[in-house]
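Inspection log for the structure reproduced underneath, given as structure tokens.
Labels below follow one simple rule: chain letters A, B, ... track the order of the sequence lines, proteins then strands, and each chain is numbered from 1. Note that the structure is predicted; figures quoted are calculated from it, not measured.
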2 protein chains.
Amino acid sequence: MVDTMPKSKILIIEDQAPMRRNVALMLELEGYDTCTAENGLVGIEVAHREKPDLILCDVMMPELDGYGVVQALRVEDAFATTPFIFLTAKSDRSDIRAGMNFGADDYLTKPVVRDDLLAAVQTRLAKAAAIRGRLDDATNASFDPDFTSHEPLQTAFGLTPREAEVLLWVAQGKSNGDVAAILEMSEKTAKQHLGVCFQKMGVESRTAATLAAIEILAKRKA
Amino acid sequence: MVDTMPKSKILIIEDQAPMRRNVALMLELEGYDTCTAENGLVGIEVAHREKPDLILCDVMMPELDGYGVVQALRVEDAFATTPFIFLTAKSDRSDIRAGMNFGADDYLTKPVVRDDLLAAVQTRLAKAAAIRGRLDDATNASFDPDFTSHEPLQTAFGLTPREAEVLLWVAQGKSNGDVAAILEMSEKTAKQHLGVCFQKMGVESRTAATLAAIEILAKRKA
DNA sequence: AGCGCTATCCGACAAAAGTCGGATACCCGA
DNA sequence: TCGGGTATCCGACTTTTGTCGGATAGCGCT
């Protein structure tokens, strides 16, 4: 891993060209990647193409206004958690409330000060990164089945306690002999129980049973 | 699942008693659970005890002000994504920016209108729920190994391509005979390859090998 | 008590899974 | 070109796995 931290990509949706370029310039000087759109419809299209990490959006625009953009994007899974910041001249309290209630993450009023813009962008990106980190944790740790109890198996497949115990050890890679020793029973008995497990689980080999068992045991508690 | 949707719990950290009770009342009438604290230090303590789903917080308070609260809680994993809304009389633009830049999710100015308060609370709870939903998806779907390619196994255990192919099928519960048929080789050959896999993987049974292989294949790409 | 039901236990046999030795073919460097 | 290393292939033998039948003990119900 020698690749340097990838630049965050920011989409700017803004009607007026000078403003658009000005904001883009400020952000690029800070090392961000930028892309722009001149109205809401184009903005949504660009968002799909560029997958930005954060969206800055004007409110008053032709074709589709900022409220429409945030509504359209928020229902999409890909953008449900993308930080969305309004950047607009509409600075009345009611305007601000309306914008935030559409699900925006921040609301900057024009004329925007450089420091405010950068701080807001940084804060929201940091927050999004924190959330993404949590998601990664959840997915990377995805394989850690819980072998502490056989009850999940019992309920999942309708097994008897003893059968579930046998399956629990089999699912950890133990041989029939090992299981028999651990549970203090004859190896034949272990086999018998396991055979019943196969029937009830609808599988016909110890490996397939292991897979099914792991699938149950890997479900994690929130 | 007959249990009714659990009420969201909201923590109100606010210096002035009348204001505190007023806000709490408004929220309770909407069906929320509330708990309160009269300053920042108490607020943090209550937050740990009650694990609120959302926090409303004044800025100017004795002991520890709102900025301090949000800073203290944001670094804790448990509260890193809990919606945090400032509720304060400090309505200057610079105050708002400061609050948002500390990582707050919204900023309401006193005197607060009932509709604004409820809308803000609802919006932020909805957003938090969306994020939580994603986390749950990630953890619940935690078991879906990717059986489309044998290369991960090859690199993970130093296997040859053919060996990895055999292991890939074995890890899906296939018998040696099945694997041989699928890969068009003799069953003996399949066994031979698998035996080498066992050595290289440091296991001694097909089930243990399956577990190790699944662990590799279950790691998900972001 | 007598009956059916289930959970638990075990032994013997057939079918796999796993091990051993050996063979061919390829690539790469001496 | 000629070994040395490796990937691939296969057959015979041993061990484990899976299946069949059968036995006992508890539990609820009539």
Protein-to-nucleotide contact annotation, 5' to 3' order, nucleotides 13-26 of chain D [B base; S sugar-phosphate only; - none; under 4.0 Å, heavy atom]: ----BBBBB-----
A:D15 and A:R20 ion-paired at < 4.0 Å: no
Between A:E163 and A:T160: side-chain donor-acceptor atoms closer than 3.5 Å: yes
C:dT8 OP1/OP2 closer than 4.0 Å to side-chain N/O of A:H193: no
Test: A:R21 and A:E28 ion pair at under 4.0 Å: no
Short side-chain N/O contact from A:T189 to OP1 or OP2 of C:dT8, under 4.0 Å: no
Polar contact flag, side-chain donor to acceptor under 3.5 angstrom, A:E165-A:H193: no
CA sep, side-chain torsions, deciding dist, call: A:L168, A:L217, side-chain contact (heavy atoms from CB on, under 4.5 Å): CA-CA 9 Å; A:L168 186 69; A:L217 298 173; 3.9 Å; yes
A:E204 atom CD, neighbour heavy-atom count above 12 within 6.0 Å: no
Within-4.5 Å side-chain heavy-atom neighbours: A:N176 and A:R206: yes
Side-chain heavy-atom pair B:L73, B:T82 within 4.5 angstrom cut-off: no
Value in whole Å for how far the P atom of C:dT8 lies from CE of A:M185: 8 Å
Within residues 147-170 of chain A: residues closer than 4.0 Å to DNA chain C (heavy atoms): A:T160, A:P161, A:R162
Sugar-phosphate, base or nothing in reach of B:S186, heavy atoms under 4.0 Å: sugar-phosphate
